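Quick notes on the structure that follows.
So you know, we letter chains A, B, ... as the sequences are listed, proteins then strands, and number each from 1. Small disclaimer: the values here were computed from a predicted structure and weren't measured.
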Number of protein chains: 2
Amino acid sequence: MVRKTKEEAEKTRADIIRAAREVFHEHGVVRCSLEKIAKAAGVTRGAIYWHFADKAELFFAMREDVFAPMIERTDALLYDPATLNPLDAIEASVTEFFRVLNESPVVRETFEIMISRCEYVDEFATIEEEVGRPAWEFLDKIERIYRLAAEKGLLRAGIAPEEAARDTWAFTSGLLHLTLGCRRGTGLEQEIPVMIRNHMALRRAATVTPEI
Amino acid sequence: MVRKTKEEAEKTRADIIRAAREVFHEHGVVRCSLEKIAKAAGVTRGAIYWHFADKAELFFAMREDVFAPMIERTDALLYDPATLNPLDAIEASVTEFFRVLNESPVVRETFEIMISRCEYVDEFATIEEEVGRPAWEFLDKIERIYRLAAEKGLLRAGIAPEEAARDTWAFTSGLLHLTLGCRRGTGLEQEIPVMIRNHMALRRAATVTPEI
DNA sequence: GATTTTACATACATTCATGTATGTTTATAA
DNA sequence: TTATAAACATACATGAATGTATGTAAAATC
């Protein structure tokens, strides 16, 4: 059999993306061949060229597969109307991001590929812009939220919202790179929630702890 | 003429490293060919294979060329006995790091290559460990310094030295990745010293500002 | 001054990856 | 029911890139 139904074709596409992730992660995006990906997916290169124009497009599809739900998920926490303190929203969103990152191998592998297994040159140079965009959007988002917190008097006195936003932005990005770059087992993963909590605590306005 | 004097050979080696940096930066470490580097250096592949075993060794030599002086430079500020407040030492060291990064094209290109133009797989997987090592050593260094600051009562009350170290560590790493990842001209570079200053200011113990 | 290396250049063999062109079968629409 | 086109597999042409083997001329050594 050669011609498949639409569902079967979709499964083939998904198989290719899954195989691409595995092979990209093990051998690098530029270095690996489409032949290797095809074999890992149980198809031939013909199938890959049917579903994707080239390796760059396959890479982008693989990324989108993970990125879109991830952003949706963290944004939901960032903008959750039930959260009264905006700083709690930031803390919850960032914490959730790293929780998923550490618990989902697919997500983790995808980020590892993007950060340390891809050369952003030539056709991939334009992709770098795309890959980096969420980070820049995150800066805008938390800046607005920090401003909100400031208006509510929940941001520590003496800290400007823009300043807090850039600091948290750098902190988050650094945490991401360091936790991915490190060999597993240094125990950094367990510390992350505490680090985030401490980071945010520094920015919270002093409150009177209620006596019981 | 074929056989060169030792100084000429050293110049050839330096030329190759310089060319490698250019080509790595433009076309990626894995993707580019040694032929391209050879041409950019005005030699043949024979010369490269004479001076270096393979591309990985050339990459490593290029990195070391920039890394070693950089670490020496920042460590000098970090451990400067003339600096009374340890937090000043951290601030000076980090600020200097980013100053050099932004003012020296060679340094900047080298970091850009290591961060976004190299796939750390196969032979390069071991190199990743080396590339990441300074970051981990930096964590140890500033942790000790923050502890010193705490002993002197210069660290803000309520912050543990280890906690401060990890936070600054992530902040610095994030700043590096964000400033390199961004297209030039967003003006982030100018903001960096201020960001560092603000970051450190948050960690300084409250002092009585002397009245004049 | 003869010999040995050094510091490369040149040539060669091999391997591999890409893109496209061309089948081939079958779901699907008419 | 037949024509069309989807969903691939196969085959081919092409173009690198790598590593090594070999050549070679001048510097260094003796």
Does a side-chain N or O from B/Lys4 land closer than 4.0 Å to OP1 or OP2 of C/dA7, or not? no
Whole-Å gap separating P (C/dG19) and CD1 (A/Ile37): 12 Å
Donor on one side chain, acceptor on other, A/Thr110 and A/Arg21, under 3.5 Å: yes
Side chains of B/Thr168 and B/His199: is there a donor and an acceptor less than 3.5 Å apart? yes
Salt-bridge criterion met for B/Arg204 and B/Asp88 (N-O under 4.0 Å): yes
Sub-4.0 Å heavy-atom contacts from residues 29-36 of chain A onto DNA chain D, ordered by number: none
How long is the line joining NZ of A/Lys6 and C1' of C/dT28, in whole Å? 9 Å
Look at the side-chain N and O atoms of B/Thr5 and state whether any lies under 4.0 Å from the OP1 or OP2 oxygen of D/dA26. no
So, are A/Arg31 and B/Glu123 salt-bridged, with charged N and O less than 4.0 Å apart? yes
Value in whole Å for how far the P atom of D/dA6 lies from CZ of A/Arg13: 16 Å
Any donor and acceptor pair, going by atom type alone, linking the side chain of A/Lys55 with main-chain N or O of A/Cys32 inside 3.5 Å? yes
Can you tell me how far P of D/dA6 sits from CD of A/Glu10, to the nearest Å? 14 Å
Under 3.5 Å, is there a donor-acceptor pair between the side chain of A/Ser116 and the main chain of A/Ile113? no
When the distance from CG of B/Asp15 to C1' of C/dA7 is rounded to whole Å, what number comes out? 14 Å
So does B/Glu130 pair up with B/Arg133, basic N to acidic O under 4.0 Å? yes
Neighbours of DNA chain C within residues 44-55 of chain A, by heavy-atom distance under 4.0 Å: A/Arg45, A/Tyr49, A/Lys55
NZ/NE/NH1/NH2 to OD/OE distance under 4.0 Å, A/Arg147 and A/Glu143: yes
